[in-house]
Amino acid sequence: MNKKEYKNEEIYRRRIEHLFESVNLEKARSWFEDFQQLMAYYRCAIMEIETKFNVLNEEFSLEHDRNPINGMKSRLKSPISIKEKLDRKNLDTDISTIEQELNDIAGIRVICSFPDDVYMLADALLKQDDITLIEKKDYIKNPKPNGYRSLHLIVSVPIFLAKEKRNMKVEIQLRTIAQDFWASLEHQLRYKKDTNFTDEMANELLYCANLSAELDEKMDTLRKHTFENDHSL
Ligand code: 0O2
């Protein structure tokens, strides 16, 4: 190592030392452990809700010979997205703040076959006596101006641990296959890096959203014809 390299190395070392001096490692470790634990609780809550929907799907398919649920996806919000959301809302990073203020750390998307299935499944879930509805946004009856359609529920569900019961919040998005197709592609197009999202593109997407709503209506009519003898469908 020559003199200049040695000096740069020394500067780098001092910078790193300075950075770590300002961090209370014990505090950071304890925060991280609590965060990991909270995320584990949310994973349990996701499992609870998924099981409830699987049971409803199973029961319906036995009784009516078709599945109202086409698929389910779940996700835990990433630490980076959690931090970004806290910053946007001007909130601190306390574990209790994260749990109290953010409703969408645990998320489940339920993709339904037909529009009526969305409401049938939402009603069946909300009727269960361990589920509490915290918030409901019906973007199917009232689509967003860009055409987005989906039924959003924030619910609280208990998870049973060895020594305690905890109520955890889960965001549930219920939508049809057509609504999910539109939302997934719209998300990809809107958030594509280095692309200028023009008004014209937004109008085209709105047109496509309306087309997919029409498609849902037509498929629903077909369902009614196909199952016309089964009045519960
Ligand atoms: P991600 O990665 O999907 O979680 P809030 O969460 O209440 O502060 P907001 O916007 O009032 O924010 O919540 P809202 O309206 O219930 O929507 C939250 C989620 O719905 C979004 O999560 C998306 O998943 C979905 N969503 C809402 N609007 C649109 C839309 O126009 N297009 C698409 N494709 N999805 C939408 P995040 O946090 O954006 O991300």
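No experiment lies behind these values; they were computed from the predicted model shown. All heavy atoms count here, side chains included; hydrogens, waters and symmetry mates do not. Counting starts at 1 for both ligands and their atoms, following the listed order.
Under the 4.0 angstrom criterion for non-hydrogen atoms, R190 is not in contact with ligand 1.
Note: W31 and F35 have parallel aromatic rings, judged against thresholds of 30 and 60 degrees for the angle between ring planes.
With hydrogens and angles ignored, the 3.5 Å screen pairs no side-chain donor or acceptor of D94 with any backbone N or O of S96. Counting only distance, with no hydrogens or angles, the side chain of W182 and the backbone of L211 share no donor-acceptor pair below 3.5 Å. Proximity of a side-chain donor or acceptor of D138 to a complementary backbone N or O of K141 within less than 3.5 Å is detected. Formation of a donor-acceptor pair under 3.5 Å by the N67 side chain with backbone atoms of S61 is not found in this model. When atom types are taken as modelled, the side chain of K85 and the backbone of I80 share no donor-acceptor pair closer than 3.5 angstrom. Between the side chain of R166 and the backbone N or O of E164, no donor-acceptor pair lies under 3.5 Å.
With hydrogens left out, the protein atom closest to atom 25 (C) of ligand 1 is Y148 OH, 3.4 Å, a heavy atom. For atom 3 (O) of ligand 1, the closest non-hydrogen atom of the protein is R109 NH2, 3.9 Å. Ranking protein heavy atoms by distance to atom 4 (O) of ligand 1, first place goes to R75 NH2, 2.7 Å. Of the protein's non-hydrogen atoms, Y139 OH, 2.6 Å is the one closest to atom 15 (O) of ligand 1.
In this comparison of K144, K85, K77, the heavy atom closest to atom 10 (O) of ligand 1 sits on K144. Counting heavy atoms only, K137 comes closest to atom 7 (O) of ligand 1 of the residues R88, E135, K137, E84. Taking each of Q173, H152, Q179 in turn, the one with a heavy atom nearest to atom 24 (O) of ligand 1 proves to be Q173.
Taking a distance limit of 4.0 Å, we find that atom 39 (O) of ligand 1 is approached by no protein heavy atom. Checking atom 32 (N) of ligand 1 against the protein gives a heavy-atom contact under 4.0 Å.
Of the N or O atoms in K89, none lie within a sub-3.5 Å distance of an N or O in ligand 1. Annotation: S184 places no N or O atom under 3.5 Å from an N or O atom of ligand 1; distance criterion only.
Listed by number with element, the atoms of ligand 1 under 4.0 angstrom from any heavy atom of A183 are 34 (N). Ligand-side atoms of ligand 1 in range of H187: 34 (N), range being under 4.0 angstrom from any heavy atom.
Enclosure of atom CE in M219 is not indicated, since only 12 or fewer non-hydrogen atoms of other residues, nucleotides or ligands lie within 6.0 angstrom.
Residue N70 holds its CG atom at 11.0 Å from CE of M72, rounded to the nearest 0.5 Å.
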**Study point:** Derivation of the salt bridge (Lys or Arg N to Asp or Glu O under 4.0 Å) call for K127 and D123
**Key:** CA-CA 6 Å; K127 263 192 222 143; D123 288 348; over 6 Å; no

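Residue contacts with ligand 1 for N146 involve side-chain atoms from C-beta outward but no N, CA, C or O (heavy atoms, distance under 4.0 Å).
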